[in-house]
Amino acid sequence: MMKANDIIFAEAIGCYIEIGYGSELRCVRFIKSKERLKEKKTRTASFELDEYFKGKRTDFSCAVDLSGLSPFAQKVLSEARNISYGRTVTYSELAERIGSRAFRAVGRALAINPAPIVIPCHRVVARNGMGGFSAGVDIKIRLLELEQKMHP
DNA sequence: AGCAGGTTTAGCG
DNA sequence: CGCTAAACCTGCT
């Protein structure tokens with residue numbers, strides 16, 4: 001299928017989400033726009049994300065296109081997908097799950113995550129608290145709060 | 001080779 | 001208890 005972009009508004013975190021499609025889901029990114037954008041949903045992933053932000057969905061059916069990433073990064077990201085809704089894991093724990101002690105490299109792999117949320121990199125936190133987030137820690141916090149609220 | 005990264009842990013003040 | 005400093009791996013220049 002050819003490439004296309006959808007846009008949805010995530011009320012829970014107060015910003016727009018752009019979803020890029022290739023042959024599979026290719027990327028997800030956050031848009032902090034003041035202007036009102038027009039929503040566009042042409043694929044299932046868009047609807048699923050929309051439901052997610054309303055707290056009605058806890059998992060995604062779509063595959064993510066990880067080609068182009070290093071084998072290590074692919075391992076990290078696919079393992080990250082196994083983290084269940086409302087749960088958090090530390091960087092070092094995620095590293096152990098893929099049979100490595102490279103917690104720091106894990107952070108690096110998560111930082112280049114092409115599709116946040118679908119690949120729940122926001123559920124990976126530092127041992128002493130929050131850790132970072134490529135799109136801004138504020139968004140990470142909002143996401144975790146959303147999941148906390150639906151999964152007490 | 002060398003450096004920096006979404007860390008971690010130990011060690012000192 | 002809060003802060004600095006060294007260490008663990010991987011990916012880019």
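Letters A, B, ... mirror the listed sequences (proteins, then strands); counts begin at 1. The shown structure was predicted, so the numbers you read here are calculated from the model rather than taken from an experiment.
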A.B. asks: Is the shortest side-chain N to carboxylate O distance from A:K140 to A:D138 below 4.0 Å?
C.D. replies: no
A.B. asks: Give me the distances for all protein-to-nucleotides 4-6 of chain B N/O pairs that come in under 3.5 Å?
C.D. replies:
from: B:dG5; atom 1: N7; to: A:R104; atom 2: NH2; distance (Å): 3.1
from: B:dG6; atom 1: N7; to: A:S134; atom 2: N; distance (Å): 3.2
from: B:dG6; atom 1: O6; to: A:L110; atom 2: O; distance (Å): 2.7
from: B:dG6; atom 1: N2; to: A:Y91; atom 2: OH; distance (Å): 3.1
from: B:dG6; atom 1: N2; to: A:C121; atom 2: O; distance (Å): 2.8
from: B:dG6; atom 1: N2; to: A:V124; atom 2: O; distance (Å): 3.1
from: B:dG6; atom 1: N3; to: A:Y91; atom 2: OH; distance (Å): 2.7
from: B:dG6; atom 1: N3; to: A:G132; atom 2: O; distance (Å): 3.1

A.B. asks: Does B:dT9 pair with anything, Watson-Crick or G-U wobble, both distances under 3.5 Å, and if so, with which nucleotide?
C.D. replies: C:dA5
A.B. asks: Decide whether a cation-pi geometry holds between A:R43 and A:Y21; the criteria are a distance under 6.0 Å from NZ or CZ to the six-membered ring centre and an angle within 45° of the ring axis.
C.D. replies: yes
A.B. asks: Which nucleotide of DNA chain C is the first, and which the last, in the 5' to 3' direction, to come under 4.0 Å of a heavy atom belonging to chain A?
C.D. replies: C:dA7 to C:dG11
A.B. asks: Is A:V125 linked to A:I98 within one hydrophobic cluster, defined over Ile, Leu, Val, Met, Phe, Trp and Tyr using a side-chain heavy-atom separation of less than 4.5 Å?
C.D. replies: no
A.B. asks: Out of curiosity, does A:Y16 fall in the hydrophobic cluster containing A:F30 (side-chain heavy atoms, cut-off under 4.5 Å, transitive links)?
C.D. replies: no
A.B. asks: Applying the side-chain hydrogen bond (donor to acceptor under 3.5 Å, both in side chains) criterion to A:E147, which one of A:R142, A:H122, A:R87 satisfies it?
C.D. replies: A:H122
A.B. asks: Roughly, in whole Å, what's the span from CZ in A:R127 to P in B:dA10?
C.D. replies: 10 Å
A.B. asks: Please report the interatomic distance CD1(A:I83) to CG(A:L94), rounded to the nearest 0.5 Å.
C.D. replies: 5.5 Å
A.B. asks: Quick one: pull up SG in A:C62 and CZ in A:F47 and give me the separation to the nearest 0.5 Å.
C.D. replies: 13.0 Å
A.B. asks: Check for me whether A:R36 meets the cation-pi criterion with A:F9, that is, NZ or CZ under 6.0 Å from the six-membered ring centre and within 45 degrees of the ring axis.
C.D. replies: yes
